Every structure is written in C-alpha cells, then in structure tokens.
Amino acid sequence: MLFAQTDLEGVWLIGSCPVADERGSFARTFCVDEMEQHGLEHHFVQHSLSRSRQRHTLRGLHFQEEPHGEVKLVSCLKGAIWDVAVDLRPRSHTYLRWTAAELTEQNMRQLYIPEGFAHGFLSLTEDVAVGYLISARYEQAASRGLRYDDPALGIDWPATPSAMSDKDRNWPLLSG
Ligand SMILES: Cc1cn([C@H]2C[C@H](O)[C@@H](COP(=O)(O)OP(=O)(O)O[C@H]3O[C@H](C)C(=O)[C@H](O)[C@H]3O)O2)c(=O)[nH]c1=O
C-alpha cells in the first residue's frame, strides 16, 4: 500500500500496488501492520456500501457527534467519485478547510478520514458504488451534517449536484 498525507493533517490518501497477470490483478487494500506503521486507526467495526444511480449524486457532508465520532476509510468500488473531507476540529489550524480526491474503480485509491471531519462525495459517473470501513457503531441520533454549498466552506465541487437527499439539501448553514 502507498500512504500520502493530504494538505489536511490526519487525512491520508492510500494507494494500492496491484499485481497484474493475464487474469487481471490482485491488490492489498487494507493491512493492520501498514496502518499501524503510519499511526492510523486499524480497528474497524462496520463496513457500509452505498450505491448512487445518477451521475452527480451528492451524499454528505456528514459527521457523527462525539462520542460517536467515526474514522472512515472510503473507497470507490464502481465508477468514480470526487471525495471531500472537511476539518471540523475547532482548535485545528485548518479548521473548516477542505480537501478532495478523485477515487475511482480504476485508481483504487482510498481516502482515510479521521474523527473530527465531515465527509461527502459527488459521483462522477452513473452507477457508483462506495465502500466504507468505519471505526464506530452507527448512532442515528448522533448524525449531523453541513450544507455542501455552505459559503463558509467554499468547496469547489466539479459539477452541480443532480440528486441528493432532502436531509442533505436542508442542513443548517454554519453562519446560522
Ligand atoms: C450512515 C448510516 C446510515 N444508516 C441508515 C440511515 C438511513 O436510514 C439510511 C441511509 O442513510 P443516509 O441517507 O445517511 O446515507 P448517506 O447519505 O449515504 O450517508 C453516508 O454518506 C456520507 C457521505 C458518509 O460519510 C456516511 O458514511 C453516511 O452518512 O441508512 C445506517 O443504518 N448505518 C449507517 O452507518
């Protein structure tokens, strides 16, 4: 696996090293030892999978309120997404800054998002499948969100969303 820090401390882009042969390829996409060597969480208790039919579907920006914070290891298993993490740690020097990465079925890259961050993505193709390893048990009552187009975040999405949940359309703005 290949580990690269992003411009937000704590958020990592993790690549894989597929071994190709005449059948196709094989790649290691998770390893406790390699995660531990980079000081990353490696105890995950849930794996989730979301499918989005329409191109430019937006999901997010979501986070879980403490003490139900989640570390997420996000991968795009089918199609392509523009994946975003937003720093919500009040004492961080990158508070409210965002970082993004294009995760695709082909590049097999994953985004590691620690607790204290919001996460969201825009699908770049039809029929996208996104998998998440998650470090905490889901607590619906602790679900919180931010508006994808909140001016306080200034996220430069690559396209206008074509579909999103009413919940995501109606999160409160940070300006209140
Ligand atoms: C997140 C989650 C949801 N659910 C239930 C709750 C709803 O009844 C249904 C759909 O949930 P939601 O509309 O929040 O799904 P997404 O909009 O895809 O949200 C996810 O996408 C953003 C980008 C994320 O980072 C989170 O993983 C997650 O919030 O699944 C569960 O049962 N367990 C879970 O862990």
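A quick note: this is a predicted structure, and the numbers were derived from the prediction, not measured. For the single chain, residues carry numbers from 1 onward in sequence order. We count ligands from 1, going down the list as the structure has it; atoms in each ligand are counted the same way.
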Inset, instruction - Please name the pair of heavy atoms, one in S162 and one in T57, separated by the smallest distance, quoted to 0.1 Å. - result: OG-N, 3.9 Å
Legend entry - F30 ring center near H42 ring center (under 6.0 Å): no
Inset, instruction - Look at K78 together with E105 and state whether they make a salt bridge at an N to O cut-off of under 4.0 Å. - result: no
Inset, instruction - Answer yes when E102 and R109 have at least one side-chain N-carboxylate O distance shorter than 4.0 Å, and no when they do not. - result: no
Inset, instruction - Only one of L2, L40, L111 passes side-chain contact (heavy atoms from CB on, under 4.5 Å) with I14; say which it is. - result: L40
Inset, instruction - Indicate the atoms forming the closest heavy-atom contact of V71 with S135, along with that distance. - result: N-OG, 2.7 Å
Under 3.5 Å, N/O to N/O: give me all the pairs between ligand 1 and the protein, one per line with atom names and distance.
from     : atom 1 : to   : atom 2 : distance (Å)
ligand 1 : 14 (O) : K167 : NZ     : 2.7
ligand 1 : 18 (O) : R59  : NH1    : 2.8
ligand 1 : 19 (O) : H62  : ND1    : 3.1
ligand 1 : 21 (O) : Y132 : OH     : 3.2
ligand 1 : 25 (O) : K72  : NZ     : 2.8
ligand 1 : 25 (O) : H119 : ND1    : 2.6
ligand 1 : 29 (O) : H62  : ND1    : 2.6

